Amino acid sequence: MNVAIMQPYLFPWIGYFQLIYQSDIFVLYDDACFIKQGYINRNSILCQGQAQRFTVPVPGASSNKRISELRFGDQVEKIVKTVSQSYSKAPYFRDVMPLVEAVLSHPERDITACCQRAIESIFNYLDIERKIIRSAVLDYDRSENPENKVIGMCQALKGNMYVNSTGGRHLYHADAFAAQGITLRFLQANNTEYAQGNHDFIPYLSIIDVLMHCEPGQVKQALKNYHYVN
């Protein structure tokens with residue numbers, strides 16, 4: 001059983017979705033503390049050939065609060081308008097924009113629920129099924145250090161492999177996981193370029209950009225464009 005765990009991000013880059021794609025169970029780590037200036041509530045889209053940041057407000061945001069305690073603000077009209085104007089001429093705008101707007105404007109503003117809805121909507125659009133759960137429902141020791149919390153979540157799910165992005169290589173150690181019968185691996189996203197218009201390719205944008213410019217089959221292929229490292 002392959003387990004992947006990440007904080008809930010709203011419309012993150014494709015590397016996040018590759019982590020979900022390769023997992024048997026993906027855990028939205030929502031009883032972690034909120035990270036201000038992180039990617040939980042913001043990302044970048046393509047606007048007039050340049051990367052442009054969008055941010056969904058989180059009233060009362062604090063690094064002393066758990067993600068599960070916070071909600072997105074409901075003032076999203078400007079964001080919806082910006083996305084719509086930026087991609088109005090993109091080849092898959094008519095298919096993707098209703099999905100994006102439905103997520104951003106949904107009346108349920110719980111951060112994890114919104115991010116899960118976005119992920120599930122995208123995988124439904126791609127005709128892919130994946131199991132996604134919240135860490136808040138798992139039985140594990142929340143007083144442990146970060147590494148042991150992850151091990152505890154894997155054990156609660158009977159996982160025998162844990163995969164993280166390569167950005168977490170300094171946080172986790174193979175020996176600690178192996179001692180509990182769990183294999184630790186890291187996912188490295190490979191470079192995936194696609195046509196964005198008449199300008200040089202701009203990487204690391206929100207999945208929104210990929211969906212707007214690529215047909216579903218091409219997106220599915222991009223989800224497989226990664227390799228594992230130890």
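Hydrogens, waters and symmetry mates play no part in the numbers below; they use all other heavy atoms, side chains included. Quick caveat: nothing in here was measured; it's all calculated off a predicted structure.
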Using a 3.5 Å distance criterion without hydrogens, assess whether the side chain of [X] forms a donor-acceptor pair with backbone atoms of [Y].
X      : Y      : answer
Glu147 : His173 : yes
Asn2   : Tyr162 : no
Thr82  : Lys78  : yes
Ser105 : Ala102 : no
Glu215 : Gly217 : yes
Gln18  : Asn225 : yes
Asp30  : Arg134 : no

How long is the span from the CD atom in Gln221 to the SG atom in Cys214, to the nearest 0.5 Å?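 Answer rounded to 0.5 Å: 11.5 Å.
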Step through the shown structure and confirm whether more than 12 heavy atoms of other residues, nucleotides or ligands are within 6.0 Å of [atom1] on [X].
X      : atom1 : answer
Glu77  : CD    : yes
Phe201 : CZ    : yes
Lys220 : NZ    : yes

Minimum-distance pair of heavy atoms, taken over all atoms of Ile202 and Gln50: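 Scanning both residues, the minimum pair turns out to be CD1-CA, 3.9 Å.
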Minimal heavy-atom distance between Pro8 and Ile111, with the atoms involved, is CG-CG2, 4.4 Å
Do the charged groups of [X] and [Y] touch, with an N to O distance under 4.0 Å?
X      : Y      : answer
Lys158 : Asp24  : no
Lys149 : Asp141 : no
Glu108 : Arg117 : no

Cation-pi between Arg130 and Phe26: NZ/CZ under 6.0 Å from ring centre and within 45° of the ring axis?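 Here Arg130 fails the 6.0 Å and 45° test against Phe26.
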Is the NZ or CZ atom of Arg142 both under 6.0 Å from the centre of the six-membered ring of Tyr140 and within 45° of that ring's axis? yes
Restricting to side-chain contact (heavy atoms from CB on, under 4.5 Å), what partner residues turn up for Glu69, sequence neighbours left out?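 For Glu69 the side-chain contact (heavy atoms from CB on, under 4.5 Å) partners, ignoring immediate neighbours, are Lys65, Arg66.
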For side-chain contact (heavy atoms from CB on, under 4.5 Å), just list the numbers for Tyr39 and Leu10, CA-CA rounded to whole Å, side-chain angles, deciding distance to a tenth of an Å, and then say yes or no. CA-CA 7 Å; Tyr39 288 93; Leu10 186 64; over 6 Å; no
I'd like to know whether the aromatic ring centres of [X] and [Y] sit less than 6.0 Å apart in this structure.
X      : Y      : value
Phe93  : Tyr87  : no
Tyr228 : Phe186 : no
Tyr9   : Phe11  : no

Intermediate values then yes/no, side-chain contact (heavy atoms from CB on, under 4.5 Å), Leu46 and His213: CA-CA 11 Å; Leu46 189 66; His213 288 109; 4.1 Å; yes
State which residues pass side-chain hydrogen bond (donor to acceptor under 3.5 Å, both in side chains) with Tyr172; sequence neighbours excluded, sorted by chain then number.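 For Tyr172, no residue satisfies side-chain hydrogen bond (donor to acceptor under 3.5 Å, both in side chains) once neighbours in sequence are set aside.
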Partner set under side-chain hydrogen bond (donor to acceptor under 3.5 Å, both in side chains) for Glu120, not counting sequence neighbours: Gln116
Would you say [X] and [Y] are hydrophobically clustered, going by side-chain heavy atoms of ILVMFWY under 4.5 Å?
X      : Y      : answer
Ile128 : Leu187 : yes
Val3   : Leu138 : yes
Val163 : Leu184 : no

Run the side-chain contact (heavy atoms from CB on, under 4.5 Å) test on Tyr16 and Ile119 for me, step by step, so that the C-alpha distance in whole Å, both residues' side-chain angles and the decisive distance to 0.1 Å come before the verdict. CA-CA 10 Å; Tyr16 186 103; Ile119 293 167; 4.0 Å; yes
Would you please test Asp110 and Arg71 for salt bridge (charged side-chain N to carboxylate O under 4.0 Å, His left out) and show each step? CA-CA 4 Å; Asp110 174 88; Arg71 297 164 60 85; 5.9 Å; no
